[in-house]
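Have a look at the structure below, then the notes.
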Amino acid sequence: MTTTVITRKRLLLKGENVTARLGLFAALLLGSSGARADELNTGDTAWMMTATVLVLFMTIPGLSLFYAGMVRSKNVLSVMMQCFAITGLMSILWVFFGYSIAFGNDGPWWGGLSKAFLKGVTVDAMTGTIPETVFMTFQMTFAIITPALIVGAFAERMKFSAMLWFMGVWVLVVYAPICHWVWGGGWLGSYGILDFAGGTVVHINAGMAGLVAALILGKRQGYPDTAMPPNNLGYTLMGAAMLWVGWFGFNAGSELAADGVAGMAMAVTQIATAAAALAWMFSEWVVHGKPSVLGIASGAVAGLVGITPACGFVGPMGSLVIGIAAGMLCFLASTKIKRAFGYDDSLDVFGVHAVGGIVGAILVGVFAAESLGGAGLAEGVSIGQQVKTQLIGILATIIYTGIVSLIILKVLDRVIGLRVTDDDEAQGLDITAHSERGYNLTS
Amino acid sequence: MTTTVITRKRLLLKGENVTARLGLFAALLLGSSGARADELNTGDTAWMMTATVLVLFMTIPGLSLFYAGMVRSKNVLSVMMQCFAITGLMSILWVFFGYSIAFGNDGPWWGGLSKAFLKGVTVDAMTGTIPETVFMTFQMTFAIITPALIVGAFAERMKFSAMLWFMGVWVLVVYAPICHWVWGGGWLGSYGILDFAGGTVVHINAGMAGLVAALILGKRQGYPDTAMPPNNLGYTLMGAAMLWVGWFGFNAGSELAADGVAGMAMAVTQIATAAAALAWMFSEWVVHGKPSVLGIASGAVAGLVGITPACGFVGPMGSLVIGIAAGMLCFLASTKIKRAFGYDDSLDVFGVHAVGGIVGAILVGVFAAESLGGAGLAEGVSIGQQVKTQLIGILATIIYTGIVSLIILKVLDRVIGLRVTDDDEAQGLDITAHSERGYNLTS
Amino acid sequence: MTTTVITRKRLLLKGENVTARLGLFAALLLGSSGARADELNTGDTAWMMTATVLVLFMTIPGLSLFYAGMVRSKNVLSVMMQCFAITGLMSILWVFFGYSIAFGNDGPWWGGLSKAFLKGVTVDAMTGTIPETVFMTFQMTFAIITPALIVGAFAERMKFSAMLWFMGVWVLVVYAPICHWVWGGGWLGSYGILDFAGGTVVHINAGMAGLVAALILGKRQGYPDTAMPPNNLGYTLMGAAMLWVGWFGFNAGSELAADGVAGMAMAVTQIATAAAALAWMFSEWVVHGKPSVLGIASGAVAGLVGITPACGFVGPMGSLVIGIAAGMLCFLASTKIKRAFGYDDSLDVFGVHAVGGIVGAILVGVFAAESLGGAGLAEGVSIGQQVKTQLIGILATIIYTGIVSLIILKVLDRVIGLRVTDDDEAQGLDITAHSERGYNLTS
Amino acid sequence: MKMVTAVIKPFRLDDVRDALSELGVKGMTVTEVKGFGRQKGHTELYRGAEYAVDFLPKIKLEVAVDENLLEQVVEMVVSAARTEKIGDGKIFVTDIEEVVRIRTGQTGAEAL
Amino acid sequence: MKMVTAVIKPFRLDDVRDALSELGVKGMTVTEVKGFGRQKGHTELYRGAEYAVDFLPKIKLEVAVDENLLEQVVEMVVSAARTEKIGDGKIFVTDIEEVVRIRTGQTGAEAL
Amino acid sequence: MKMVTAVIKPFRLDDVRDALSELGVKGMTVTEVKGFGRQKGHTELYRGAEYAVDFLPKIKLEVAVDENLLEQVVEMVVSAARTEKIGDGKIFVTDIEEVVRIRTGQTGAEAL
Ligand SMILES: Nc1ncnc2c1ncn2[C@@H]1O[C@H](COP(=O)(O)OP(=O)(O)O)[C@@H](O)[C@H]1O
Ligand SMILES: Nc1ncnc2c1ncn2[C@@H]1O[C@H](COP(=O)(O)OP(=O)(O)O)[C@@H](O)[C@H]1O
Ligand SMILES: Nc1ncnc2c1ncn2[C@@H]1O[C@H](COP(=O)(O)OP(=O)(O)O)[C@@H](O)[C@H]1O
């Protein structure tokens with residue numbers, strides 16, 4: 001059963017015969033009735049609607065709070081606003097074009113426009129055992145959170161209008177195609193990359209785009225000399241908690257069914273996250289003398305990121321190693337390496353999402369091996385070969401998103417300008433971009 | 001399939017034969033076993049328990065945060081307290097009488113008292129394919145949030161005791177009967193009104209009751225000259241996010257099953273909400289020069305309200321139009337119209353819920369048409385006829401809730417008084433009504 | 001295997017034949033296919049994955065917010081940090097040893113180490129109708145929240161390192177064994193105790209351990225003369241709301257299936273919680289003259305605790321009585337009794353969890369009786385006998401956790417010290433233990 | 001040059017500012033303070049623990065004025081801040097030896 | 001009339017207020033401030049970025065008193081606020097030229 | 001003994017503190033205040049209700065200094081706080097009659 005499960009998501013979308021993968025329960029039904037394999041299963045549907053809700057919950061309120069707590073109080077609303085507006089805009093663009101580009105047809109590069117404006121996504125359309133409407137909405141929540149993750153990289157200095165333009169273009173020309181490559185029947189999926197829930201598609205992609213944006217926008221005024229203490233670490237920790245909670249929809253939901261693989265995805269997600277939270281906390285305790293709230297929260301997110309590509313393929317002990325590795329390496333990336341290079345990735349989108357995604361995307365090639373407790377690699381594929389495949393997927397993602405994000409940003413900078421004025425930055429974006437104040441606690 | 005879907009919720013409860021609507025999966029079971037149609041389906045049950053949790057989540061913490069962030073800091077707790085106490089009180093009253101009045105028998109006006117104190121709602125009782133306990137609790141969460149919505153209209157000035165009395169009476173003599181009319185086998189349902197998840201029952205009802213309460217209580221001291229800035233727009237945006245997330249339980253849960261209709265309800269809810277959030281945001285950007293957090297949050301709620309009556313009946317493009325219309329019209333109602341008339345509906349319960357509900361309740365009559373991508377109107381019913389039916393439902397709701405709410409409030413005002421003293425209002429309700437302070441951030 | 005597991009909480013103990021309770025649907029499958037009863041059911045699995053997510057949601061963010069709002073602002077982060085770090089640590093220890101100790105084999109005292117490091121918990125392993133991975137993770141969330149509850153008792157004064165050591169040892173030598181006694185096939189379960197979701201295992205256990213910790217650590221500086229106002233009651237109320245919402249996973253999830261019992265567990269949880277919230281609120285209103293946010297929030301939690309052991313066994317009216325009793329008695333315990341004895345249980349872990357748990361654990365023995373609307377006691381068992389059984393379970397828990405917690409704490413105090421220095425306590429744990437500040441609202 | 005320091009009720013601030021602006025006062029500095037005085041505070045109650053909060057929110061207004069405006073300013077503040085209920089607050093007048101406008105380095109009356 | 005301005009440790013406030021009340025002082029105004037001095041602050045650390053916070057929370061107490069009470073008031077504040085650890089704070093005495101009670105318009109000692 | 005009270009822009013605080021430390025000033029007290037002056041504020045807009053916020057965040061710095069340091073201190077503050085844009089703030093110098101260090105009871109210059 002294992003090897004088939006591995007590719008569930010990809011295969012479903014490539015229209016291959018999925019009967020074998022539906023498990024005994026479905027087989028039983030099929031056997032006794034001769035029904036087609038795309039019969040609606042209420043349990044799978046119940047889980048996938050729940051999973052969709054959970055992934056939306058990750059972005060709003062989860063990610064919004066996680067990010068909003070880390071900026072200075074004069075920008076607390078601006079970050080939340082960006083996440084919220086992205087949620088609105090991506091939903092519409094996904095319906096218009098994104099879904100079709102990602103999941104229309106299965107050419108190597110993009111899915112075409114045959115499903116643009118949700119053509120054919122009717123109340124009866126099915127994706128495997130669930131309604132296609134649910135699959136479309138589930139995937140939409142991924143297309144929402146990925147751009148929203150990037151917000152952290154340029155927080156406290158980007159123009160709201162430029163942000164909207166960037167994200168709107170980016171989701172169509174960067175996110176949707178990469179999503180197609182890996183999950184929509186495109187070349188990376190065919191090539192054999194393992195990415196259960198979005199190590200390349202979501203995290204490396206967002207992390208790299210974030211780095212490019214941080215470099216092009218330049219540092220915040222006063223960085224790194226001025227203290228820029230988080231305005232509300234309680235928000236950040238609660239946001240991390242909501243990300244953790246919601247991430248089960250992201251990871252176990254990526255199975256598109258309520259089955260044993262989903263159950264294992266849930267278990268290993270919990271293990272890796274716990275391990276990474278502790279790994280970052282103890283690393284910091286050793287290096288800086290104290291464990292911190294920001295540290296443990298960041299560690300949990302690093303673990304969630306790290307296990308994302310791996311969650312349907314590895315076993316408990318594999319997830320433990322992935323969690324520890326993600327926690328420690330993201331800690332180094334976000335504290336030491338960032339400081340060494342001097343770029344201003346405000347909230348460490350690169351250090352957590354790109355680095356954590358890379359750690360997970362490589363290690364899944366190792367721990368998916370049956371000998372290491374995983375679900376097993378494809379027949380005849382060695383760990384070394386799988387890791388090579390993974391590296392190619394990682395590189396392809398980094399190069400494509402890096403270059404195209406750069407182009408979009410450069411063009412926008414020329415046309416409308418990316419950065420707010422110095423005065424607006426000093427006064428804060430809440431007042432200058434939105435005419436509102438975040439806290440007004442004395443009236 | 002379409003015409004049956006329209007009445008799904010009502011018919012299920014009226015014990016009519018539902019076999020046709022259960023889809024292939026159930027039919028299969030039925031075919032092979034001859035079991036009765038009210039066999040428990042674990043997938044449907046799983047979804048409906050989840051949906052119930054989600055609707056509770058909308059009120060506490062969602063709505064509480066949404067509202068609490070908008071008032072002044074001296075009243076931040078009072079608003080949360082009202083929502084929480086309503087949650088407690090409505091639960092008990094629903095168990096005692098409300099459920100029976102709404103869903104007891106199917107006379108035209110009310111359901112009688114045959115199910116008072118949950119008589120007959122045993123562990124084995126079924127409602128369609130789910131346990132009746134789950135159906136009862138799901139509907140309870142609607143009976144909780146509807147009164148809680150009204151709180152926004154009289155925020156910052158109503159006596160807590162009077163609020164409890166008002167809500168307690170209101171839920172039994174206004175909410176439960178209207179719920180019965182539309183969903184419990186009453187006259188409006190029989191008449192053919194389309195209200196999938198509560199455009200009339202919940203939103204127009206609450207919005208109108210709120211307007212009456214705002215008018216009878218009168219303006220807050222200093223309104224509209226004194227600045228009354230929201231104390232914590234971060235709370236408001238997070239509350240809006242939680243409402244958005246929880247609303248999938250409200251809308252897709254109203255199908256009472258994990259099926260294709262629920263999936264479509266989920267998809268169109270997302271689309272309408274996104275569209276409305278953007279519509280309000282861009283309207284404000286054009287009219288006032290800047291997009292705001294309060295604006296986009298209000299827009300999202302307006303979209304959720306607008307799609308509520310329509311979500312099981314319309315397709316993606318219908319939902320897009322409904323979202324845009326709800327966003328723009330609620331924007332006008334809450335900024336321009338309120339100011340023109342001068343009433344003090346503190347947090348725009350009328351402007352968002354009544355107006356959004358009306359927009360959705362009318363437009364569902366249009367976009368439910370199969371030609372416009374909807375599930376289809378009943379046989380022989382034209383768009384014009386359906387819209388007329390919708391208007392009658394809207395008017396009936398407005399008139400009934402308007403008059404009865406007025407009477408309850410007038411009586412209570414005479415007997416115990418509705419409004420706090422001027423001094424208490426000036427000092428804030430947190431201290432004067434609850435002996436507590438919301439924020440104490442320096443010790 | 002099925003008979004043991006599906007029956008888990010209720011029937012494990014009563015040893016009844018469970019086929020009848022699987023409902024017609026499952027019976028149908030069994031009948032028509034001859035499949036083994038431990039076939040995966042997607043609906044049950046969907047619900048249990050959701051329930052798992054909900055219980056995690058109770059701890060982070062729910063409990064963290066509930067507690068964090070009650071302490072002084074200088075300790076707001078420390079409390080959240082403790083809950084979060086516990087989440088990480090308990091997850092790992094559960095995977096390593098805890099799960100095996102609790103659910104390995106079914107000897108009377110502990111489960112042994114046969115499942116240590118999740119040996120045998122593969123992707124195909126089943127527990128009843130759900131994957132064992134899901135069962136393991138669901139139970140893990142209980143092993144997370146139970147220690148996290150204790151945090152409230154020693155808030156604002158315990159060393160972070162000592163806290164980690166205490167919790168790490170405690171979960172393995174106190175929690176996991178008691179869990180085994182009641183749910184894992186141990187002596188208390190065999191003896192016939194009724195504890196559906198954790199009155200003894202979770203609440204009395206945590207409440208008693210908390211009392212011991214509060215006594216051994218001693219009072220906070222200045223207690224009870226100095227005012228120690230909660231820094232953010234909005235957080236506390238939102239935390240209570242999240243606990244309420246998440247608790248449906250805890251209680252209805254403990255059925256391990258999406259069936260009629262789960263549905264009833266959900267309904268009675270709602271009723272008892274509402275009743276207890278109102279009971280505490282009105283008690284306070286009568287005794288102190290005003291209803292308060294902290295009161296109603298505490299009442300809701302008291303009700304949730306009270307119904308926990310009872311939720312799968314009692315009917316609506318039984319739950320109403322349990323809720324009222326829990327609300328009123330926990331009110332007395334947390335206001336009058338604590339003050340009379342003078343111990344400093346900072347956030348009333350004993351007064352709410354131990355007292356509420358005892359109320360529920362006793363009353364389930366009464367209201368489980370069929371004559372009182374419950375699911376029925378085991379054949380031949382009278383109410384009096386059942387209450388005696390319950391008292392023995394309560395006493396066993398109190399004595400075991402009391403003594404072992406005391407020993408662990410005494411040893412740790414000697415070896416590394418339990419309490420922070422006076423200066424650190426005065427300055428607050430956020431700065432001194434974590435080098436962070438909770439609020440930084442003016443930059 | 002004199003400093004007029006007024007402790008007033010928060011909701012009178014806008015009126016006082018407007019009154020002073022009318023007199024031609026160009027600037028002032030405002031601090032959120034807590035006042036203790038004859039006006040009684042409130043009690044708070046948390047899980048049975050009751051305690052009195054005697055400090056009430058007030059606004060402290062500091063206005064540097066030229067001697068010749070002093071009397072008018074004091075009168076204006078009194079009339080704009082007065083509610084005739086206990087707790088209306090106090091005005092303190094103190095002497096300023098020197099004033100400097102940081103931007104320009106101007107001193108004395110010019111600096112205001 | 002003199003203004004006694006004391007910068008003290010926050011947790012001494014209640015004692016100081018009680019001590020002054022015993023002396024018959026009827027009112028005072030309190031501000032949350034941050035103090036910089038010999039007492040060292042703490043460091044905060046966010047994702048590897050460490051920085052020193054030298055400003056410590058203090059309470060500034062302002063009490064207008066009649067000359068004849070001045071000495072007693074200062075002594076009382078000193079003894080009630082003293083912990084004998086670094087950072088106990090300072091007392092500054094300045095002259096007040098006039099006091100007005102806003103509610104009544106009373107001036108001078110009557111206004112206190 | 002003189003009290004130098006400076007109202008400055010918040011982000012200049014660190015520079016001013018450093019400058020004063022260099023002069024040998026050992027302590028100071030800082031308050032978050034709101035300033036009203038020539039520098040214009042902003043407007044806020046909530047659901048169509050627009051209103052002007054004229055009070056801007058400022059920092060009030062109080063430093064007690066010995067007379068002989070006065071001039072230098074004032075100059076230092078001016079040069080460290082100046083941005084040459086409107087709203088840079090003011091410095092007020094007032095007389096202190098007495099200073100006491102609470103911890104030791106020292107008075108006068110010793111107390112600083
Ligand atoms: N002696 C004093 N020194 C400094 N501030 C004072 C003094 N007395 C009163 N105040 C301030 O004036 C405010 C109002 O005083 P209070 O005695 O309550 O009423 P009233 O203004 O009517 O006399 C107090 O809250 C306090 O801030
Ligand atoms: N020259 C000064 N001017 C104004 N305030 C001062 C001055 N020196 C000290 N302070 C205030 O007094 C507080 C305590 O001073 P510090 O030097 O830390 O200890 P000590 O009170 O023991 O001398 C400081 O935090 C500051 O608020
Ligand atoms: N007469 C005054 N009394 C007290 N504070 C003043 C006075 N005038 C100005 N200020 C303070 O100085 C700040 C700066 O003044 P402003 O007129 O805006 O610009 P500038 O400093 O360039 O003259 C104000 O925000 C206010 O805090």
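What you see is a predicted model, and the numbers here were worked out from it, not measured in a lab. Side-chain atoms are counted along with the backbone in the values below, which use heavy atoms only and exclude waters and symmetry mates.
- Your options are T273(A), N75(A), L237(A), L294(A), and the one with the most heavy-atom pairs under 4.5 Å with chain C is L237(A).
- At a 4.5 Å heavy-atom cutoff, M58(C) makes no contact with chain A through either its backbone or its side chain.
- Residue with the most contacts toward chain C among G263(A), A262(A), P291(A): P291(A) (heavy-atom pairs, distance under 4.5 Å).
- Heavy atoms of M80(C) lying under 4.5 Å from chain A belong to its backbone as well as its side chain.
- Residue contact with chain C, scored on non-hydrogen atoms closer than 4.5 Å, involves the side chain of P316(A) exclusively.
- Neither the backbone nor the side chain of A125(C) comes within contact range of chain A; no heavy atom of the residue lies under 4.5 Å from a heavy atom of that chain.
- Put simply, of V268(A), L278(A), T50(A), V71(A), the one with the most heavy-atom pairs under 4.5 Å next to chain C is L278(A).
- With a 4.5 angstrom heavy-atom cutoff, A85(C) touches chain A via backbone and side-chain atoms both.
- For T137(C), the part lying under 4.5 angstrom from a heavy atom of chain A is the side chain only.
- Of the listed residues (V76(C), L441(C), T52(C), L65(C)), the one with the most heavy-atom contacts under 4.5 Å to chain A is L441(C).
- At distances below 3.5 Å, at least one donor-acceptor pair connects side-chain atoms of K74(A) with backbone N or O atoms of A426(A).
- Proximity to chain A is limited to the side chain of L164(C), based on heavy atoms less than 4.5 angstrom apart.
- For R72(A) and E156(A), the salt-bridge test passes: some basic side-chain N is under 4.0 Å from an acidic carboxylate O.
- Ring pair W285(A)/F282(A) is parallel by interplanar angle, where below 30° counts as parallel and above 60° as perpendicular.
- When atom types are taken as modelled, the side chain of D430(C) and the backbone of S78(C) share a donor-acceptor pair closer than 3.5 angstrom.
- Between the side chain of E436(C) and the backbone N or O of L77(C), no donor-acceptor pair lies under 3.5 Å.
- For chain A, no part of L93(C) is nearby; none of its heavy atoms comes within less than 4.5 Å.
- With a 4.5 Å cut-off on non-hydrogen atoms, L54(C) does not touch chain A at all.
- In this structure, no portion of M90(C) lies under 4.5 Å from any heavy atom of chain A.
- A tilted orientation is assigned to the rings of Y175(C) and W94(C), their planes being inclined by 30° to 60°.
- Between chain A and the residues S91(C), C83(C), A68(C), G62(C), the largest count of heavy-atom pairs under 4.5 Å involves S91(C).
- For the set N232(C), V53(C), V134(C), the count of heavy-atom pairs under 4.5 angstrom toward chain A peaks at V53(C).
- Between the side chain of S64(C) and the backbone N or O of T59(C), at least one donor-acceptor pair lies under 3.5 Å.
- Between chain A and the residues S161(C), A258(C), G438(C), the largest count of heavy-atom pairs under 4.5 Å involves G438(C).
- Relative ring orientation between F117(C) and F96(C) is described as tilted, the plane-to-plane angle lying within the 30° to 60° band.
- Side-chain atoms of D44(A) never come within 3.5 Å of backbone atoms of I130(A) as a donor-acceptor pair (strictly under, hydrogens ignored).
- Contacts between T141(C) and chain A at a heavy-atom distance below 4.5 Å are absent for every atom of the residue.
- Checked against a 6.0 Å centroid threshold, the rings of F66(C) and Y235(C) do not count as neighbours.
- In terms of heavy atoms, E132(C) sits closest to G120(C) at OE1-O, 4.3 Å.
- Using a 4.5 Å cut-off between heavy atoms, P61(C) contacts chain A through both its backbone and its side chain.
- For V95(C), the part lying under 4.5 angstrom from a heavy atom of chain A is the side chain only.
- Other residues, nucleotides and ligands contribute more than 12 heavy atoms inside 6.0 Å of the CE atom of M317(A).
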